[in-house]
Amino acid sequence: MSQELLHPRQKYDVFARRAAGDPLTMIGTIYAPDDNLARVYAFTTYNEDPWYEVQIAPHDAFVTVSRNEVLQVADNP
Amino acid sequence: MSQDTAFSVGSLPRGAQRALYNLITIVGDNKFRLGVRYAEYCNAAPTIEASIAAAAMAQDELGHTRNLFPLLREFEWARDEEEDGIARAHYRNLSFLDQSFEKWADFVSVNFLLDQAITTILASAHESRFTALKQRSRKMVVEERFHTLYGTGWFKSLAMAGGAARAELEGRTRALWDEVLCFFGPAGNAGLQVLKDEDVLDAGSEELRARFLERVSPTLTDVGFSMSGGELPWPLWDLQAWRLNRAT
């Protein structure tokens with residue numbers, strides 16, 4: 001079996017809120033080869049609470065915001 | 001006492017009662033065995049996430065069995081035959097569930113094919129006049145959506161991986177294919193037909209088989225698996241045990 005199947009590189013961050021209006025909080029991560037399996041894995045891995053809402057996002061989709069990086073972008077527009 | 005004031009199993013003709021009893025035990029037994037097989041992968045799937053999902057699906061299947069078997073208490077004449085449906089010497093499950101899966105491709109092909117076959121039957125009870133079955137089937141079909149996502153996702157992943165993974169999956173899928181199609185019974189099967197006539201299910205054997213093919217064909221086409229459309233092995237189909245008699 002291929003390494004990608006055995007060790008999916010795509011990391012997803014998992015977020016949830018307990019009730020409507022609660023903040024969306026990061027509750028963990030999962031690794032999956034695609035979005036659909038990521039949905040299943042997030043649901044089954046973090047089903048310890050009756051979440052009001054669960055969201056996942058590819059970890060790579062996040063853009064880091066820090067003073068140094070803002071300055072770096074500013075210096076190299 | 002029936003759980004539904006508008007319908008009681010006892011009001012059905014005896015043949016329909018027997019057919020309904022058979023349907024519940026066949027679906028329940030296959031779910032029970034499926035749950036046991038899934039459970040064997042709660043720490044043996046290729047990734048930890050896949051193992052956790054396998055454990056969750058095992059819990060679902062065993063829970064569904066637990067929800068289905070109490071319906072057998074509705075059958076006055078069968079109360080001496082079954083206690084809770086689980087503690088029995090023989091199960092009416094398909095033959096490939098008798099043994100533990102040897103490889104991950106076994107798990108994935110059974111998850112993809114049989115899980116969806118059972119769901120196809122349960123979905124045909126969504127408007128059943130047997131309210132206790134209707135309510136349970138609706139809940140089970142909702143929970144099975146995750147099983148379908150999982151089975152389809154892994155089926156595509158293994159098929160697209162090529163090489164040995166694809167070859168194993170294709171081999172296992174072909175080995176299961178006929179028995180899963182037979183699971184819906186011979187065309188015009190009297191038991192399923194009488195359940196349709198009595199508005200317990202909304203389809204007979206051929207229609208259920210067609211609905212199943214409609215569910216799985218897009219994925220099979222996507223991955224380039226061309227499955228046999230030939231004659232099914234009905235001479236080997238055991239109508240009592242509801243499985244292929246592979247020893248014949």
Side-chain angles (χ1 to χ4, degrees), chain A residues 1-66 68-70 73, chain B residues 35 38-39 41-61 63 102-109 111-112 115 142-170 172 218-219 222-223:
Chain A
M1 212 177 294
S2 74
Q3 283 304 301
E4 177 55 26
L5 283 175
L6 293 174
H7 305 288
R9 287 181 299 254
Q10 179 64 60
K11 180 180 178 182
Y12 292 82
D13 292 334
V14 184
F15 304 84
R17 61 177 113 239
R18 290 186 191 279
D22 279 1
L24 195 60
T25 306
M26 184 176 174
I27 57 173
T29 62
I30 48 107
Y31 287 83
D34 59 49
D35 290 356
N36 279 338
L37 277 173
R39 283 188 173 98
V40 178
Y41 293 168
F43 182 81
T44 54
T45 304
Y46 296 103
N47 67 354
E48 71 276 10
D49 283 305
W51 303 110
Y52 172 78
E53 179 184 1
V54 177
Q55 298 275 351
I56 58 173
H59 182 76
D60 295 344
F62 288 93
V63 177
T64 303
V65 179
S66 68
N68 283 346
E69 283 179 300
V70 169
V73 171
Chain B
Y38 285 168
Y41 275 79
C42 71
N43 63 348
T47 67
I48 186 68
E49 288 92 341
S51 293
I52 293 168
M57 293 196 302
Q59 191 173 3
D60 285 344
E61 299 297 357
E102 288 182 15
K103 298 188 171 181
W104 181 238
D106 293 315
F107 184 110
V108 172
S109 52
N111 179 196
F112 176 68
D115 229 329
V142 167
E143 291 173 357
E144 289 285 342
R145 290 172 65 186
F146 283 96
H147 301 206
T148 300
L149 268 179
Y150 185 89
T152 304
W154 268 104
F155 196 88
K156 287 183 174 176
S157 293
L158 290 184
M160 298 306 189
R166 179 183 172 89
E168 265 180 9
L169 181 72
E170 186 167 9
R172 292 311 303 153
T219 301
D222 280 353
V223 302

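Letters A, B, ... mirror the listed sequences (proteins, then strands); counts begin at 1. None of the values given here were measured: they were computed from a predicted structure.
Of the atoms belonging to A50(B), heavy atoms from both backbone and side chain fall under 4.5 Å from chain A. For chain B, the nearby part of L37(A) is the side chain; its heavy atoms alone come within less than 4.5 Å.
To the nearest 0.5 Å, the span separating CG on N36(A) from CH2 on W154(B) amounts to 14.0 Å. Distance OG1/T44(A) to CD1/I52(B): 6.5 Å, rounded to 0.5 Å. To the nearest 0.5 Å, atoms CD (Q59(B)) and CG (N47(A)) are separated by 7.5 Å. A distance of 10.5 Å separates CZ in R145(B) from CZ in F43(A), rounded to the nearest 0.5 Å.
When all heavy atoms are compared, the tightest approach of E49(B) to T45(A) is CG-OG1, 4.5 Å.
Residue Q10(A) places its CD atom among more than 12 non-hydrogen atoms of other residues, nucleotides or ligands, all under 6.0 Å distant. Within a 6.0 Å sphere centred on CD of E102(B), other residues, nucleotides and ligands contribute 12 heavy atoms or fewer.
Classification of the Y150(B)-Y41(A) ring pair by plane angle, with boundaries at 30° and 60°, yields perpendicular.
With respect to chain A, the highest number of heavy-atom pairs below 4.5 Å among A55(B), G163(B), S157(B), A164(B) belongs to S157(B).
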